[in-house]
Amino acid sequence: MTDTQRHSSPGAPAFGVLRTAIVHFDDLDAFGMLHNSRYGVMVERAWISYWQQGDTAFSPDRFLLEDGCNVTKELKVEFDVPVDKVGEYGVHLWVERRGRTSLTYGFRLCSADDTVTYAHGHRVIVRLDRGTLRPAAWSDRAKPLIDGLLRPDDL
């Protein structure tokens, strides 16, 4: 991704999914810019929203979870352009790789019309067995949700 990536068709990424994110006043730091810790939160909320749309449950009780029982192994965020206004933004999500028990997905925090990229990065998660907390394979139910976001090899 380039620092200020621009697309030819605003609002419609060529792959993945674009979710809405809202920046509130209390998300801003003392300099009036989105606090660095809020980027990961916005991406996480977009990711959870995508999974919930696919009827995957989330709960604070890990014993009620299946594919939602996962942990972050790695998170990388590169900041491109400061977010200095409250309002509606977009989070572009896609999957780079699905392993047997892990998943690497890419993301961009962008303008609501998907013409400006504010930050981009990736996150690696590992699905856990909810009883043993050991790595576990993705369910057959989750694989289509994951694979539906796979980034094409030619991009």
Side-chain angles (χ1 to χ4, degrees), residues 1-62 64-98 102-127 138-139 141-155:
M1 298 286 144
T2 61
D3 287 351
T4 55
Q5 180 176 356
R6 301 204 179 262
H7 296 284
S8 59
S9 57
F15 57 92
V17 65
L18 187 64
R19 307 300 283 190
T20 299
I22 304 295
V23 172
H24 299 276
F25 175 77
D26 59 351
D27 293 323
L28 303 179
D29 65 15
F31 303 109
M33 293 182 275
L34 184 61
H35 190 275
N36 66 76
S37 67
R38 304 306 291 167
Y39 287 81
V41 171
M42 295 177 77
V43 170
E44 178 76 9
R45 288 178 180 163
W47 186 247
I48 289 171
S49 171
Y50 174 76
W51 278 83
Q52 286 178 325
Q53 177 185 339
D55 292 327
T56 298
F58 281 86
S59 169
D61 181 351
R62 76 172 189 255
L64 298 177
L65 300 174
E66 292 181 28
D67 293 291
C69 186
N70 53 66
V71 293
T72 300
K73 181 176 181 175
E74 178 180 316
L75 174 64
K76 179 183 178 191
V77 181
E78 289 189 41
F79 304 100
D80 301 315
V81 178
V83 172
D84 62 356
K85 293 181 178 59
V86 298
E88 189 173 295
Y89 291 83
V91 177
H92 177 199
L93 301 169
W94 66 91
V95 171
E96 292 286 342
R97 178 186 173 279
R98 175 178 57 86
S102 66
L103 170 68
T104 302
Y105 71 84
F107 61 84
R108 292 183 310 110
L109 177 65
C110 56
S111 56
D113 65 0
D114 193 22
T115 59
V116 177
T117 296
Y118 297 97
H120 67 277
H122 70 266
R123 181 173 176 227
V124 179
I125 60 176
V126 177
R127 183 187 189 272
W138 295 104
S139 72
R141 185 171 170 227
K143 290 175 185 175
L145 283 171
I146 296 168
D147 294 348
L149 294 182
L150 277 169
R151 181 179 181 192
D153 290 333
D154 58 347
L155 292 177

Interatomic spacing from [atom1] in [X] to [atom2] in [Y] - rounded to 0.5 Å:
X: L18; Y: D114; atom1: CG; atom2: CG; result: 5.5 Å
X: R38; Y: L28; atom1: CZ; atom2: CG; result: 10.0 Å
X: T20; Y: E88; atom1: OG1; atom2: CD; result: 4.5 Å
X: W94; Y: R151; atom1: CH2; atom2: CZ; result: 6.5 Å

Side-chain contact, heavy-atom cut-off 4.5 Å: [X] with [Y]?
X: T72; Y: R123; answer: yes
X: F107; Y: W47; answer: no
X: Y89; Y: Y118; answer: yes
X: I146; Y: L103; answer: yes
X: V23; Y: V83; answer: yes
X: F31; Y: D84; answer: no
X: E96; Y: H122; answer: no
X: L109; Y: T117; answer: no

Judged by modelled atom types alone, do R97 and T104 share a side-chain donor-acceptor pair under 3.5 Å? no
If we count only N and O atoms by modelled type, under 3.5 Å, do the side chains of R127 and S102 hold a donor and an acceptor together? no
Parallel, tilted or perpendicular, as decided by the 30° and 60° cut-offs, for the rings of F15 and H92: tilted
Keeping [X] on the side-chain end and [Y] on the backbone end, is there a donor-acceptor pair under 3.5 Å?
X: H35; Y: S37; result: yes
X: Y105; Y: L149; result: no
X: D27; Y: H24; result: yes

Quick one: do K76 and E78 make a salt bridge, cutoff under 4.0 Å? yes
Under 4.0 Å between a Lys/Arg side-chain N and an Asp/Glu carboxylate O for R108 and D80? no
For K85, does the NZ atom have more than 12 heavy-atom neighbours from other residues, nucleotides or ligands under 6.0 Å away? no
